[in-house]
Amino acid sequence: MRYFSCSLMVLLFFKVTSIQAETITICLDCELKLISEGIKMANEYDTLLIKKGTYKEFNILVDKPMTLLGENYPVIDGEDQGEIIRIVSDNVTIDGLFIINVGTSYTSDYAAIRVVKSENYLIQNVVLEKLFFGIYLEKSNNGKVYHNKIIGDAKDEYNSGNGIQLWYSHNVEIDRNIVQGVRDGIYLEFSDNVTINNNNSTDNLRYGLHFMFSNDDVYTNNVFENNGAGVAVMFSKRIKMIGNTFRKNWGTAAFGMLLKEINDAEISNNTFEENTIGINIEGSNRINYSNNNFIKNGWAVKVLGACYTNTFTENNFLYNSFDISYNSKLNDNVFNQNYWSDYTGYDLDKNGVGDVPYRPVKLFSYIVNKTPETIVLLRSLFMDIIDFSEKVSPVFTPDNLLDANPLMKKVGSEQL
């Protein structure tokens, strides 16, 4: 009975709140011409309807539960003066605004929209251009950043910010955003239980996605293309990266994905295509790599050391210059039932599995690691002879680094 009474009281509270909430119109010809003035006049849970026009404002403080709703994408022009919108209240929605000209500072991380120590926020259908930082979430949990377009014009890392940044923010959903032309497309630090889905992060100076010290996060169906160095994943646990595309991240130190000190993760159903290095791995353990496509990369997988108890199963390694690069004679990782386009074995019993094990590490990859200039000999007959001799009688590569059951057909070949 007491539970019923409490539930009824909560229901009545929200009904009263919704009845009292009003819509306040802001327009250039209205009595209220400034967004900041409208916020001061509004009551909790009111909606500010912002009509089409250009509003030259910055340091707009949202300090009560409310909605800022743009009609036909009104422009908020910060005129490079500083931060534009700062949210310090729970239950705030920002919807349908066009924000430009965020101030640049070498001491303050000015953002188009900053959320500080707030809960239950929604930022959606927003376009941001000419920015320093785009959307900055600071110690703010249980929110959603949905269907926004963030277009920067960054030229140098030192005077540019990130598109979407989370700092000590948990249980956040980042979904269906387009981010390009910034330093890092999406950046997380100390942010757990975050889902990043269906985003397109391209043409950024440094990383399409960069996160550190962030655990139990899930990344699905994102595209990271033509960034300075793809995606960097560091010092985190229990990460799931599923169904993403890492494409055309080229450069002398570029990769599709960097893994450093990552443990107990799942990396599956991703495509790594035309990157200098598909996955660069260092100090990462107990990771399951399955059903990934490595296509036309310089190195598909480059293992730098201290990587133990990882498994590679049912992946496709297709036309990479090097499938696996290894810098140690010890191996504690398992390669089993992968498809290798360079495999030249046979299958006499017709069970779909090669009768001869495949050794994915070429001696030439060792030579290139030691002396990068030798890459010019990649297609030479001399290198083919060296690789063949190492395959027949391994001396430099680990004896047990092999796929004992290489597949004769591509995994999911009906879809490829």
Note to self: Can you tell me which residue among Trp299, Phe294, Phe255 is in a ring pair (Phe, Tyr, Trp, His ring centres under 6.0 Å) with Phe272?
What the structure shows: Phe294
Checklist line | Side chains of Arg238 and Asn215, donor plus acceptor under 3.5 Å | finding: no
Item checked: Under 3.5 Å side-chain donor-acceptor pair for Asp80 and Tyr110 -> no
Check: Side-chain donor-acceptor pair under 3.5 Å between Asn120 and Asn142, yes or no?
Finding: no
Checklist line | Asn171 side chain to Asn141 side chain, donor-acceptor N/O pair below 3.5 angstrom | finding: no
Margin query: Assess, by modelled atom type and distance only, whether the side chains of Asn125 and His147 contain a donor and an acceptor separated by less than 3.5 Å.
Written below: yes
Margin query: So which atom in Phe58 and which in Gly82 form the shortest heavy-atom distance, rounded to 0.1 Å?
Written below: CD1-N, 4.4 Å
Notebook entry, point to check: Taking atom types as modelled, is there a side-chain donor on Asn310 or Tyr289 under 3.5 Å from an acceptor on the other?
Noted result: no
Check: Any luck finding a side-chain donor-acceptor pair between Gln124 and Asp95 under 3.5 Å?
Finding: yes
Notebook entry, point to check: Side-chain donor-acceptor pair under 3.5 Å between Asp403 and Trp340, yes or no?
Noted result: yes
Check: Do Thr311 and Thr313 get their side chains close enough for a donor-acceptor pair, meaning under 3.5 Å?
Finding: no
Notebook entry, point to check: So, Thr309 and Asn285: side-chain donor and acceptor under 3.5 Å apart, yes or no?
Noted result: no
Check: Under 3.5 Å, is there a donor-acceptor pair linking the side chains of Thr271 and Glu273?
Finding: no
Margin query: We want to know whether Thr220 and Asn197 form a side-chain donor-acceptor pair, criterion being a heavy-atom distance below 3.5 angstrom.
Written below: yes
Check: Can you tell me if Asn291 and Asn269 form a side-chain donor-acceptor pair at under 3.5 Å?
Finding: no
Notebook entry, point to check: How many angstroms lie between atom CG of Leu49 and atom OG1 of Thr67, to the nearest 0.5 angstrom?
Noted result: 11.0 Å
Check: Are a donor atom and an acceptor atom from the side chains of Tyr136 and Gln165 found within less than 3.5 Å of each other?
Finding: yes
